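Below you'll find the structure, written out as structure tokens, and then a few comments.
FYI, side chains are in, hydrogens and waters are out, and symmetry mates aren't considered; it's all heavy atoms of this structure. Note that the structure is predicted; figures quoted are calculated from it, not measured. The chains referred to below are lettered A, B, ... by the order of the sequence lines, with proteins before strands, and numbering in each begins at 1.
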There are 4 protein chains.
Amino acid sequence: MNDLLFLNHHSQKIVMRTKEGNKEKDILEAAVKVFGEYGYHNSKIAKIAEVANVATGSVYVYYKNKEDILLQIFDFVWSRLYHDAEEIYKNANLSSIEKLDSLIDLIFDLFASNTPLTLVFVNEQNHLQKSVPQKFTPYYEKFFDCGEHIVIEGINSNVFTKTIDVKIFRNYIFGGIRLLLNKWANAPDEFPLNKIRRNVKYFLKNGIVT
Amino acid sequence: MNDLLFLNHHSQKIVMRTKEGNKEKDILEAAVKVFGEYGYHNSKIAKIAEVANVATGSVYVYYKNKEDILLQIFDFVWSRLYHDAEEIYKNANLSSIEKLDSLIDLIFDLFASNTPLTLVFVNEQNHLQKSVPQKFTPYYEKFFDCGEHIVIEGINSNVFTKTIDVKIFRNYIFGGIRLLLNKWANAPDEFPLNKIRRNVKYFLKNGIVT
Amino acid sequence: MNDLLFLNHHSQKIVMRTKEGNKEKDILEAAVKVFGEYGYHNSKIAKIAEVANVATGSVYVYYKNKEDILLQIFDFVWSRLYHDAEEIYKNANLSSIEKLDSLIDLIFDLFASNTPLTLVFVNEQNHLQKSVPQKFTPYYEKFFDCGEHIVIEGINSNVFTKTIDVKIFRNYIFGGIRLLLNKWANAPDEFPLNKIRRNVKYFLKNGIVT
Amino acid sequence: MNDLLFLNHHSQKIVMRTKEGNKEKDILEAAVKVFGEYGYHNSKIAKIAEVANVATGSVYVYYKNKEDILLQIFDFVWSRLYHDAEEIYKNANLSSIEKLDSLIDLIFDLFASNTPLTLVFVNEQNHLQKSVPQKFTPYYEKFFDCGEHIVIEGINSNVFTKTIDVKIFRNYIFGGIRLLLNKWANAPDEFPLNKIRRNVKYFLKNGIVT
DNA sequence: AATGAATGAGATTTCATTCAT
DNA sequence: TATGAATGAAATCTCATTCAT
């Protein structure tokens, strides 16, 4: 979560990096590491507290419960993705193809420097969508709507084919990217991010038939 | 899991369908239902036993532990996929494109009639690959190798482009299909399997640029 | 709870006293002791299990949670009181005064040999009526209705005075008895049960004015 | 607790009513409300602080711990009751019967305007007498001694019967009143205080036999 | 093989109390 | 005095697994 800003429960920006520390942020970052390493269900609150260098009880000062922590992580990620995606969508200087490429870049750029966050992102979303769908971040849908609009624009301007179903297409790409991010996070040397990025851009535009 | 054969721990075919029932198979099928509905971590052995109509303790007569049940499910699925994929691969009457299409069909055909199995397949594999990678079914790799060979064949015969990285391609497709199967299993009307199948075949061959 | 029968969750009589033991009953009796000694809120499930000579988890095999145990205790007591009270009420051979005296005896007889049960009875009912009133045993109201009917009978036959409000009277007596049972349970020598019993019968009939 | 004086830890009268407020008193009054509503064991210090409009930590500036707050409440109540009872006892103008009636009135008058205080009084005394008997307010015993003396006076002057045991009698009445106060506090319309008062005075003097 | 009662380790969560400011 | 973030001990409850029958 490096140099990124994010918002706490009261929508105040958490940017403090002073000596006194920022426990809310420390805990969230620790949770990302722990969830990333062990998976949500095998992660213990005590371990998160230990990694965050706070007492167990302190976790509950900032987060309602274990699930809430995961919820905040996804809220952070999808909010970022959505806001950046919207900017791309609104950018009149970009062609449909460029917008789609930028969208791909956006995702890879966000995760490029944060393996644990990637692991949480690719592995734990199902849990939340199953268990507390009503509380799941609204940015998720908004992001996809944004992507959909870009594709529809491209179809209307005859750059993209009419043949495809947009809803299916968006899930197809996202599923593909998600699994590739997973592979990268587990074996960065075998699956270098830039190679993945290049291939994905090619696949989705041209397919593989010569 | 209907009319499919599968193998027990001693690699004996389980086909018995006598009156007394086949508890090993009953338990596995019950587990698929329960894991599919609640997710692996929220599934209780007692619930699986109840659905299978056996006593809790009986589950441990046939399976070492909870994880082992999941392992057997994936072993069954990937074994099926691998064996069928190999047949396609070896079929001299098919072109590379036809083989690739058949591979897609293979997957969709397997899951078409079994929503719970689909849900387990798309949601719970990560768990096993994280937690017991060394025990994970060898058919998984074999299946993908098979798919890879088909693509390489196509590249060599100039039907498929050299531009792509085969390892990345295979994960890209599989990730896309996996997420789409998930969507279908949760909302079959919104995501009809045949529409998905048709779109996927188109995407992977042609991409979306006109 | 000595030689009394009581019913388990499935309304089966629990009378077994064999070597194999009867854990459901053991736990309930242990709970009476522990609740009686420490009070409900300061009683630990682990302590109850220890006293009952079972594992902590076994408590939850038979009881939904801590509150459920208390609920079963009160259900047992009030069911006993109600059923015995009804018999008295229906007994045509007794005068109204004799019925009232028998009602008093009934209560004292039930608790006479069981100090811990008395302590639970006099100290912990508030908790349940506050926290889970909807689940509280129906025998409680039924018992009091019974007592009320006896008093009304007496009023109608001019043995008891019209001056009183029956609902107030019933709570007055019961409150008085409850506190006296408490005193007895804590200091049986200072407050001998038979002396209490004799006094109570006198008070409620004659008052103290000469 | 309205216009009543009470004493702080150093036996100084707390009467200050300045703008800045009187936190010690605010906290005690808040505690009465919170204990009354939730019961002692389900009341949280943080909630008391919130109701008192002070910080959590401030509670510990004035009270040693949670139990101490309850102790102060009972000390306040029994001190009031004792001092007023003593006045009645010493009043040479009253007959024994009048004194007894005044004692009843005393109790009802104290609680008449303060439902939460009543609830604490009738529900939480057991807790203290069990858990910290050595620290329980001395006014409790003194109040009862006072009542006892009044009854003994009556017996000696032949107004009250010799038949009764005074210790038992005092607990009987007090138990009855306590339960009735409870009923009133929970359903003031069903159990109007004056009706209760009238009935209690009648019962204890005349009993119910015509 | 089949059972299901019994186990007990373990994890989440709560909250009275402390203490640095 | 006053604060309220931080603490961490403690307790309830869960449930995979065992084992005597």
Side-chain angles (χ1 to χ4, degrees), chain A residues 20-24 26-27 41-50 52-69, chain B residues 20-24 26-27 40-50 52-69, chain C residues 20-24 26-27 41-50 52-69, chain D residues 20-21 23-24 27 40-50 52-69:
Chain A
E20 327 99 48
N22 180 327
K23 291 193 199 297
E24 181 166 5
D26 290 348
I27 292 165
H41 282 102
N42 294 315
S43 296
K44 325 275 170 249
I45 295 290
K47 182 71 183 172
I48 293 173
E50 185 202 314
N53 242 300
V54 300
T56 312
S58 300
V59 173
Y60 291 87
V61 173
Y62 296 100
Y63 301 93
K64 220 176 109 257
N65 53 35
K66 194 178 165 184
E67 205 155 54
D68 185 38
I69 306 177
Chain B
E20 328 94 52
N22 177 331
K23 289 193 200 297
E24 182 167 4
D26 290 346
I27 292 165
Y40 176 76
H41 282 100
N42 295 313
S43 294
K44 296 160 200 21
I45 295 289
K47 179 73 183 171
I48 293 173
E50 185 203 316
N53 244 302
V54 301
T56 309
S58 301
V59 172
Y60 288 85
V61 172
Y62 296 100
Y63 300 93
K64 214 177 110 255
N65 53 33
K66 194 179 168 183
E67 205 154 54
D68 184 39
I69 306 176
Chain C
E20 329 99 47
N22 178 329
K23 291 194 199 295
E24 181 167 5
D26 291 347
I27 292 165
H41 283 103
N42 295 314
S43 296
K44 325 275 171 248
I45 295 290
K47 181 73 183 171
I48 293 173
E50 185 202 314
N53 243 301
V54 301
T56 311
S58 301
V59 173
Y60 292 88
V61 172
Y62 297 100
Y63 301 93
K64 218 175 109 260
N65 52 34
K66 194 177 164 185
E67 205 154 55
D68 186 39
I69 306 177
Chain D
E20 327 95 52
K23 289 192 200 298
E24 182 166 5
I27 292 165
Y40 177 76
H41 282 102
N42 295 315
S43 294
K44 295 159 200 21
I45 295 290
K47 180 72 182 172
I48 293 173
E50 184 202 316
N53 243 301
V54 302
T56 310
S58 301
V59 173
Y60 289 85
V61 172
Y62 296 100
Y63 300 93
K64 217 177 109 254
N65 53 34
K66 194 179 169 183
E67 207 154 52
D68 184 39
I69 306 176

Just to be sure I follow the notation: if a pair is Watson-Crick (purine N1 to pyrimidine N3 plus N6-O4 or O6-N4) or a G-U wobble (N1-O2 and O6-N3), each under 3.5 Å, what dot-bracket string does DNA chain F give, with | for pairs to another strand? .||||||||||||||||||||
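- For the pair D:K23 (side chain) and D:Y62 (backbone), a donor-acceptor distance under 3.5 Å is absent.
- Scanning both residues, A:H41 and A:K44, for their nearest heavy atoms gives O-NZ, 4.4 Å.
- Checked against salt bridge (charged side-chain N to carboxylate O under 4.0 Å, His left out), A:K47 has the following partners two or more places apart in sequence or in another chain: A:E50.
- Partners of D:Y40 under the ring pair (Phe, Tyr, Trp, His ring centres under 6.0 Å) rule, at least two apart in sequence or in another chain, are D:F35, D:H127.
- At whole-Å resolution of the value, CG in B:N22 and C1' in E:dA2 are 15 Å apart.
- Taking atom CD1 on A:I48 and atom C1' on E:dA11, their separation rounds to 12 Å, with Å as the unit.
- Between C:N53 and D:E67, the residue anchored closer to the 5' end of DNA chain E is C:N53, taking for each the nucleotide with the nearest heavy atom.
- Atom pair B:D68:CG and F:dT18:P shows a separation of 13 Å (rounding to whole Å applied).
- At whole-Å resolution of the value, CG in D:N42 and P in E:dT13 are 19 Å apart.
- The nearest pair of heavy atoms linking B:D68 to B:Y63 is OD2-CA, 3.5 Å.
- The CD-C1' distance, from B:E24 to E:dA2, rounds to 15 Å in whole Å.
- Using a 4.5 Å heavy-atom cutoff, the side chains of A:V59 and A:K66 are not in contact.
- Atom pair D:K47:NZ and E:dT14:P shows a separation of 16 Å (rounding to whole Å applied).
- For the pair D:Y63 OH and F:dT1 P, the computed distance is 13 Å after rounding to whole Å.
- Here A:N53 pairs with nothing under the side chain to side chain contact (heavy atoms under 4.5 Å, CB included) rule; sequence neighbours left out.
- Between D:A52 and D:I27, the shortest heavy-atom contact is CB-CA, 3.8 Å.
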Where do N or O atoms of nucleotides 8-12 of chain F meet protein N or O atoms at under 3.5 Å, pair by pair?
from, atom 1, to, atom 2, distance (Å)
F:dG8, N7, A:G57, N, 3.1
F:dT12, OP1, C:S43, O, 3.3
F:dT12, OP2, C:I45, N, 3.3

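- Here the CD1 atom belonging to C:I45 is positioned 4.5 Å from the CD1 atom belonging to C:I48, to the nearest 0.5 angstrom.
- Residue C:E50 contributes atom CD, which lies 14 Å from atom C1' of E:dG8 at whole-angstrom precision.
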